[in-house]
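Worksheet: the structure to be examined is printed underneath.
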Amino acid sequence: MKFWSRYFIPTLKESPADAEIASHKLLVRAGLVRKLGGGLYTFLPMGLRAMQKVSKICREEMERSGAIELLMPHIHPAEFWADGPRWGPVREIMFRVDSAGDGKRGPREPEFVLGPTHEEVITPLIKSEITSYRDLPKCFFQIGTKFRNEIRPRFGLMRAREFVMMDGYSFDADDAGAVKSYMAMKDAYEAFFKRIGTQAIAVEADTGVMGGSFSHEFMVPAEVGDDDLFYNEESGYAANREKARSAIVPEGLADPAPLGPTEEFPTPGAVTIAALEAAPYSVPADKQFKTLVMIGDGKPFLMVLRGCDDLEEAKLGSLGFALVRQATPEEIEPVMGAKPGSLGTVKGTIKDRAALAGIFADNAIRLVGNGTTGANKDGVHIRNVNIARDLEISKFGDFRRVKAGEPDPIGGRPLQVRRGIEVGHIFKLGTKYSERIDAGYTDDKKERHLFVMGCYGIGISRTLQAVIEQSHDADGIIWPWAIAPFQVLICLLDPQDAEATLIAARLATAAEHAGADVLVDDRAERPGVKFKDADLIGVPLRITVGGRGIKEGIVEMKWRAAKEVVKIPLNDAEATIGQIIRDKA
RNA sequence: CGGGGUGUAGCUUAGCCUGGUAGAGCGCCUGGUUUGGGACCAGGAGGUCGUAGGUUCGAAUCCUAUCGCCCCGACCA
């Protein structure tokens with residue numbers, strides 16, 4: 001039980017100028033956090049209480065799934081990272097630590113780094129400690145601070161430089177075991193998000209820098225999210241933008257019959273899809289071939305899409321290039337023979353075909369018959385272009401960005417789209433990390449195998465903010481019961497009145513015995529101030545004890561999420577409130 | 001890192017264009033009146049106007065540099 005007058009809940013009437021989104025404003029206004037610097041936040045008592053509850057539930061669900069908690073150092077010797085598979089892409093976000101502190105030691109390469117994640121630390125550990133199949137499978141996790149020098153910290157705790165994360169790592173003897181571990185984590189995640197009272201959707205995701213064979217992101221739907229998720233509730237399909245597919249190309253689609261021979265026609269100045277759609281050309285975007293020149297590991301390649309489609313760059317990962325970017329106009333002309341706007345892939349029109357690493361095409365262009373594309377001569381296009389007869393494609397694949405309303409790949413139902421906040425991610429890594437340092441075990445036939453790994457993360461501090469983003473109104477936070485810093489607020493309107501104070505104390509004790517965390521607002525403030533603050537800090541259950549009610553022989557009970565006030569007779573208020581709390585927990 | 005914005009009291013900000021004693025609201029302190037949805041009156045404390053140069057008789061205001069912060073992009077829990 002805490003008394004507000006002796007506790008520390010610095011609430012603010014106005015939002016800080018640097019907060020943009022509702023949850024960020026409320027974190028500060030409700031006295032949960034204060035900013036130290038960009039992406040660096042102090043957790044004030046209320047924020048810490050909420051976060052500790054999130055951590056506790058996370059820990060319980062991880063342990064229930066069989067995972068084992070440990071704690072690894074935040075400071076890593078740099079050699080654990082140097083030359084590893086992720087050193088290139090990840091080093092930019094790693095904080096470097098100079099142990100001497102005088103700038104003289106290791107100025108070129110850091111001696112230590114602050115851990116952004118722990119694959120590089122746990123894999124060597126397990127390599128030396130687990131050598132037999134008898135000790136597998138194992139799944140470890142920890143909950144602690146992570147450091148990432150984000151290029152652009154954003155939205156308070158949403159993308160911070162220092163944040164609290166649960167990270168887990170599974171080690172299995174074979175692929176089937178790894179899939180089992182992965183599914184166990186998926187279940188644990190779902191249980192966790194359910195318990196903290198938030199809606200999180202598991203979506204298929206791109207593996208990105210982590211590598212690995214497949215992964216799911218857990219997204220909290222919110223307008224301010226940084227990712228789009230495509231889903232259909234009936235079919236159960238859900239994927240993020242990078243990964244989302246749609247069934248717009250029917251199975252066994254026959255190529256349309258050619259109308260006639262290809263034919264060049266002049267299109268002076270028409271260098272965009274839109275320009276060709278307009279008069280006098282009037283070629284619909286979905287009858288155009290769009291040819292993009294990309295550079296993969298220094299070598300140009302072509303990507304052909306429908307005019308109406310956009311390239312999803314994350315999907316280029318399947319082509320096997322380490323680094324992909326768009327080509328510059330200067331790079332394009334010598335290869336293609338024309339400037340962007342008149343490019344195409346009709347056989348024989350590319351100036352320097354040998355320079356290309358490949359000509360790739362999105363499956364959806366198979367919907368285009370008798371289409372139009374650039375002639376690789378400035379100001380000239382070609383019509384009546386048909387894929388099989390006229391184009392040279394080295395590989396088809398799914399490279400386009402899906403659009404809302406397209407049929408989902410499972411049942412063909414329309415895809416819906418929402419913004420979401422990524423709060424958790426699970427990866428089936430395979431042997432990427434174990435292979436690098438030869439981490440493995442011996443099986444019952446004395447044969448050596450590599451560990452098959454998985455890794456798992458939940459952004460604890462980010463989840464806290466995502467919950468607020470999802471659960472608030474114009475007056476403040478509406479905490480889910482399970483993670484509220486306090487579940488019950490005894491709003492003592494007359495702290496100078498002995499009778500009221502006594503009643504408040506009795507109710508607070510009863511609530512506490514029933515299992516709730518109780519805050520008593522005993523401040524010498526006017527009722528209006530107390531009610532406004534109560535709404536702002538979002539305590540789920542408010543009990544108001546005041547002179548007016550006492551005269552009437554009642555106290556008032558109000559749920560933060562509800563409108564109506566319930567009057568409870570004084571004589572059995574303790575029992576009633578205790579029962580309500582026990583029912584809730 | 002590219003583009004845009006912004007820095008004035010603990011917080012929110014006006015003043016800047018057109019240079020001339022730095023102003024308000026909230027919060028805080030004192031006294032009084034109030035007391036069921038952010039009270040009122042009176043008095044008070046609190047500011048090297050981000051920092052460093054420059055222009056000028058004179059700079060919060062104009063110029064240059066620099067730093068911090070915020071927003072959009074690529075990346076992530």
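These numbers were taken from a predicted model, which means no experiment stands behind them. Order of the sequence lines sets the chain letters (A, B, ...), proteins ahead of strands, with each chain counted from 1.
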When you measure from the centre of the six-membered ring of A:Phe95, is the NZ or CZ of A:Arg161 under 6.0 Å away and within 45° of the axis? no
Under 6.0 Å between ring centres: does that hold for A:Phe141 and A:Tyr456? no
If the C1' atom of B:U61 is compared with that of B:C40, how far apart are they to the nearest Å? 37 Å
Hey, does A:Ala160 reach any base, or is it just sugar-phosphate, or nothing, if we go heavy atoms under 4.0 Å? base
Find the distance A:Phe192:CZ to B:A77:P and express it as a whole number of Å. 16 Å
Within the structure shown, what part of the strands sits under 4.0 Å from A:Gly38 by heavy-atom distance: base, sugar-phosphate, or nothing? sugar-phosphate
Any chance you could encode RNA chain B as dot-bracket? Rule is Watson-Crick or G-U wobble with both distances under 3.5 Å; [ ] for pairs crossing earlier ones, | for another strand. (((((((..((((......[..)))).((((((.....)))))).....(((((..]....))))))))))))....
In whole Å, what separates the C1' atom of B:G36 from that of B:C70? 40 Å
In whole Å, what separates the C1' atom of B:U64 from that of B:G27? 38 Å
Can you measure A:Glu556 atom CD to B:G37 atom P for me and round it to whole angstrom units? 11 Å
Please classify the nucleic acid contact of A:Lys530 as base, sugar-phosphate, or nothing, using heavy-atom distances under 4.0 Å. nothing
Would you call the rings of A:Phe147 and A:His74 parallel, tilted or perpendicular, where under 30° means parallel and over 60° means perpendicular? perpendicular
Work out how far the P atom of B:A9 is from that of B:A24, and round it to whole angstrom. 14 Å
Have a look at A:Asp167 and say if it touches a base, only the backbone sugar-phosphate, or nothing, with a 4.0 Å heavy-atom cut-off. nothing
So which nucleotide from B:C70, B:G38, B:A77 ends up closest to the side chain of A:Val529? B:G38
In short, A:Phe140 meets A:Ile122 closest at the heavy-atom pair CB-CD1, 3.8 Å
How is A:Ser15 classified with respect to the nucleic acid when contacts are heavy atoms under 4.0 Å: base, sugar-phosphate, or nothing? sugar-phosphate
Using only heavy-atom distances, decide whether a donor-acceptor pair under 3.5 angstrom links the side-chain of A:Arg462 to the base of B:C76. yes
When you compare B:C28 with B:G68, how far apart are their C1' atoms, in angstrom units rounded to a whole number? 27 Å
Check for me whether the distance between the ring centres of A:Tyr7 and A:Phe486 falls short of 6.0 Å. yes
Integer angstrom distance from the P of B:C72 to that of B:G10: 28 Å
Are any of the side-chain nitrogens in A:Arg418 or A:Asp228 under 4.0 Å away from the carboxylate oxygens of its partner? no
Is the distance from OP1 or OP2 of B:C76 to the nearest side-chain N or O of A:Arg161 less than 4.0 Å? no
Evaluate the side chain to side chain donor-acceptor pair (under 3.5 Å) criterion for residues A:His76 and A:Glu120: first the C-alpha distance (whole Å), next the side-chain angles of each, then the deciding distance (0.1 Å), finally the verdict. CA-CA 9 Å; A:His76 304 170; A:Glu120 277 75 359; over 6 Å; no
List the protein contact pattern of nucleotides 26-35 of chain B with one symbol per nucleotide (5' to 3'): B for base contact, S for sugar-phosphate-only contact, - for none; contact means a heavy-atom distance under 4.0 Å. SS------BS
May I ask you to say what A:Tyr456 touches in the nucleic acid, namely base, sugar-phosphate or nothing, with a heavy-atom cut-off under 4.0 Å? nothing
Should A:Arg154 be listed as having a side-chain N or O under 4.0 Å from OP1 or OP2 of B:C71? no
If the threshold is 4.0 Å, N to carboxylate O, is there a salt bridge linking A:Asp362 and A:Lys315? no
Whole-angstrom distance between B:A22 and B:U18, as gauged at atom P: 22 Å
For RNA chain B, whose closest nucleotide is more 5', that of A:Val164 or that of A:Asp18? A:Asp18
Does A:Phe163 stack onto the base of B:A77, taking stacking as ring centres under 5.5 Å apart and planes under 30° apart? yes
Quantified in whole Å, what is the C1' atom distance between nucleotide B:C29 and nucleotide B:G19? 37 Å
Remember a base hit wins even if backbone is also touched, and classify A:Arg542 as base, sugar-phosphate or nothing at under 4.0 Å, heavy atoms. base
With A:Glu204, the salt bridge (charged side-chain N to carboxylate O under 4.0 Å, His left out) member among A:Arg245, A:Lys243, A:Arg241, A:Lys428: A:Arg245
Test: A:Asp473 and A:Arg560 ion pair at under 4.0 Å: yes
Nearest-nucleotide pick for A:Asp535, side chain only, options being B:G37, B:C71, B:C75: B:G37
Check the orientation of A:Phe193 and A:Tyr189. Use parallel for under 30°, tilted for 30 to 60°, and perpendicular for over 60°. perpendicular
With the side chain of A:Glu422 defined as its heavy atoms from C-beta on, choose the nearest nucleotide among B:C71, B:A77, B:U12. B:A77
How do A:Arg159 and A:Val565 order along RNA chain B: which one's closest nucleotide is nearer the 5' end? A:Val565
Side chain of A:Arg152 only, heavy atoms from C-beta on: which candidate in B:G37, B:C69, B:G73 is closest? B:G73
